[in-house]
Each structure stands twice: as C-alpha cells, then as structure tokens.
Amino acid sequence: MKSKDRPTPETTSSYQATLRPSTRYGAITGASFELVFLFYYLLSGFPIQAVMLQLAATLISLAALAIVQYTKHTRLAAQLVTFALFLCLIGPGIYTGGIDSSAMVWLTFVPVVAAIMGGTATGRLWSAVSIAAAVGLFILNRVAMIDLTTRPPQSIDRIIDLVFCIMVVAIATLINERTKRQVMMELDNAKTQLTELANVDPLTNVFNRRYFINRAQAELDLCGEGRDFSILLIDVDYFKKVNDT
C-alpha cells in the first residue's frame, strides 16, 4: 500500500468518532430488547438456563452503554454489545429447539450490528462466529444427535422473533442513515472550508492567485465556444501601504 493510501491517525480517529454514536444507540437498543425478552422468558416458562443467559446479556449491554458513555473505549463497547446479542440468541436457541429454534434467524443480524458499531473488521469477525455457531449447533443436533431442548419451539415464539427482527432492522437502518447523514454534512462543511482557505487570501479577504488561474482557465475554455473574453488589469495606488498594515 502506498504511503498516501494508508490511513493517518487523524483519519482513523475521525472514523472511530463516527462509530461512537452508533455504538451508544446499539447499546441502548440492545439493552431494551434484551430486557423485554428477559421478562417474556420469565413469564412464558422458558428454561432457567435461557433466562440466566438473557439476564447476563442485558447486564453486558448495560455495561457497554456505561463504557461508551463515560470512556473512549468504543471498540470494547461495540464488542460487548455484539457479544450480548449473540449470547441472548444462541442461549435460548440451544434450549428451545436447537437448530430448529426461531431464535436462530437472529444470527443473521449479529454481523450487521457488529459492522455498524465496530466497522468492517468487527463485522467479518462476528460473521465467522455466527456461521461457526450455526454449523456447530447443526452438528450437535443432527450429527451427534444431542438435543438439549427443554421447551419445544412454539408458534408464538416465531411470530415474536419475526416482529422483533423487523424492528431491529428498521432501527439499525435508521441509526446507520442518521450517522451517515451526519458524516456527509461534516465532510461537506470541511470541503467548503478547505475550498475557501485554498482560494481566498486571509489578509485582504479577496480571491488569490490560485483562484485566478482556475477561473481564467475556465473562461479560456469557454472562448472556444464563441464567447468573448477579456482581462481588465487595475493598478491600485499606494496599495503597498495596505500590505504593510
């Protein structure tokens, strides 16, 4: 990779700053959904193992929220939020049908959430983890014939999982679009400022030589289309006094 193509510490820091709001929203959303499912599991007679894993996932998301809120460890918080999501999916899945559990469809969102909060590298990592978990659970149930199901999958579980999946996709999309819009606005503002700094003299607040050359070239290009072109040279008396002061 050429040196000019390598990300500088400044660009890396700016990129990490864009992930911070996404991680904060992800932690809030994750903790909220996990808390809702915790009460649902308690009221629906889910296995105690699934309830405890759901409680652990909720606490982990809350810890991630505290980390991203009061420290600069955004990457750690993103990993914790993703791990909490993975834990609250794979845990109930093992005890409510295994590979046939409706909770398994949620695994498809783990790498998506990871990428939104932690970037592409984090997304690839959790893609591999999710695939390995799905394949491992399939081998456990279908090859090793080990089934830990204590509560068979029910229709109400599937409709709840599907509804919440759609809600998570909608929320993740909104967070991603909001973050992207904010970044684009910041880039546009920076571009405007850089253009002004490159073309305006800070002392006199008039256009400089660079702007003159670019504008003159543009006008010369238009001359080939039959437009008249002229340059007016004005000499200001005693202008040196302005420069001196």
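These values consider heavy atoms only, across backbone and side chains, with no hydrogens, waters or symmetry-generated copies.
Note on Val236: it does not cluster hydrophobically with Val206, by side-chain heavy-atom contacts below 4.5 Å among ILVMFWY residues. Hydrophobic clustering (side-chain heavy atoms under 4.5 Å, transitive across Ile, Leu, Val, Met, Phe, Trp, Tyr) groups Val143 together with Ile131. Under the 4.5 Å side-chain contact rule for hydrophobic residues, Leu222 and Tyr211 do not share a cluster. Val110 is not connected to Ile166 by any chain of hydrophobic side-chain contacts under 4.5 Å among Ile, Leu, Val, Met, Phe, Trp and Tyr, and they are in different clusters. The hydrophobic clustering, which links ILVMFWY residues whose side-chain heavy atoms are closer than 4.5 Å, places Ile28 and Leu55 apart.
Closest approach of Asp100 to Arg142, counting heavy atoms only: OD2-NH2, 2.8 Å. Across Ala77 and Ile67, no two heavy atoms sit closer than the pair CB-CG2, 4.1 Å. The nearest pair of heavy atoms linking Ala84 to Ser61 is CB-OG, 3.3 Å. Heavy-atom minimum distance, Pro47 versus Thr150: CG-OG1, 2.7 Å. Of all non-hydrogen atoms in Leu87 and Ala57, the two that sit nearest each other are CD2-N, 4.1 Å. Of all heavy-atom pairs spanning Phe46 and Thr96, the tightest one is CE2-CG2, 3.5 Å.
Listed for the Arg20 side chain is no donor-acceptor partner under 3.5 Å among the backbone atoms of Thr74. A donor-acceptor contact shorter than 3.5 Å is absent between the side chain of Ser130 and the backbone of Ser127.
In this structure, CD in Gln79 is found 6.0 Å from OG1 in Thr82, a value given to the nearest 0.5 Å. Interatomic distance, CG of Leu137 versus CD1 of Ile146, reported as 11.0 Å (0.5 Å rounding). We find the CG-CD1 distance between Asn208 and Ile213 to be 9.0 Å, quoted to the nearest 0.5 Å. Of the inter-residue distances, the one linking Arg24 atom CZ with Thr29 atom OG1 reads 12.0 Å to the nearest 0.5 angstrom. Atom CG of residue Leu80 and atom CZ of residue Arg75 lie 13.5 Å apart, to the nearest 0.5 angstrom. Atom-to-atom distance recorded for Glu34:CD and Leu85:CG is 6.5 Å, nearest 0.5 angstrom.
No side-chain heavy atom of Pro92 sits under 4.5 Å from any side-chain heavy atom of Leu89. Within the 4.5 Å cutoff, the side chain of Met167 has heavy atoms near those of the Phe33 side chain. Side chains of Leu35 and Gln54 form no contact here, defined as non-hydrogen atoms less than 4.5 Å apart. The closest side-chain heavy-atom distance from Met117 to Thr122 is not below 4.5 Å. Residues Tyr25 and Arg178 form a side-chain contact, since some pair of their non-hydrogen atoms from C-beta on lies under 4.5 Å apart. With a 4.5 Å cut-off on side-chain heavy atoms, Phe86 and Leu107 count as touching.
Residues Arg181 and Glu177 are not paired through a salt bridge, judged by the lack of any N-O separation under 4.0 Å between the basic side chain and the carboxylate.
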**OP:** Decide yes or no on side-chain contact (heavy atoms from CB on, under 4.5 Å) for Gln49 and Ile94, but give the supporting numbers first.
**Re:** CA-CA 10 Å; Gln49 300 94 327; Ile94 292 174; over 6 Å; no

**OP:** Under the side-chain contact (heavy atoms from CB on, under 4.5 Å) rule, what do Val51 and Leu38 come out as? Steps first, then yes or no, please.
**Re:** CA-CA 6 Å; Val51 174; Leu38 176 61; 3.9 Å; yes

Subject >> Candidate pair Asn199 and Asn214, rule side-chain contact (heavy atoms from CB on, under 4.5 Å), full reasoning >> reply: CA-CA 10 Å; Asn199 293 290; Asn214 293 335; 4.3 Å; yes

**OP:** Report the C-alpha separation of Thr149 and Tyr95 in whole Å, then their side-chain angles, then the decisive distance to 0.1 Å, and conclude whether the side-chain contact (heavy atoms from CB on, under 4.5 Å) test is met.
**Re:** CA-CA 4 Å; Thr149 300; Tyr95 299 105; over 6 Å; no

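Between Phe37 and Tyr41, the ring planes are tilted. Angles from 30° to 60° get that label.
Between the side chains of Asn189 and Gln193, no donor N or O sits under 3.5 Å from an acceptor N or O.
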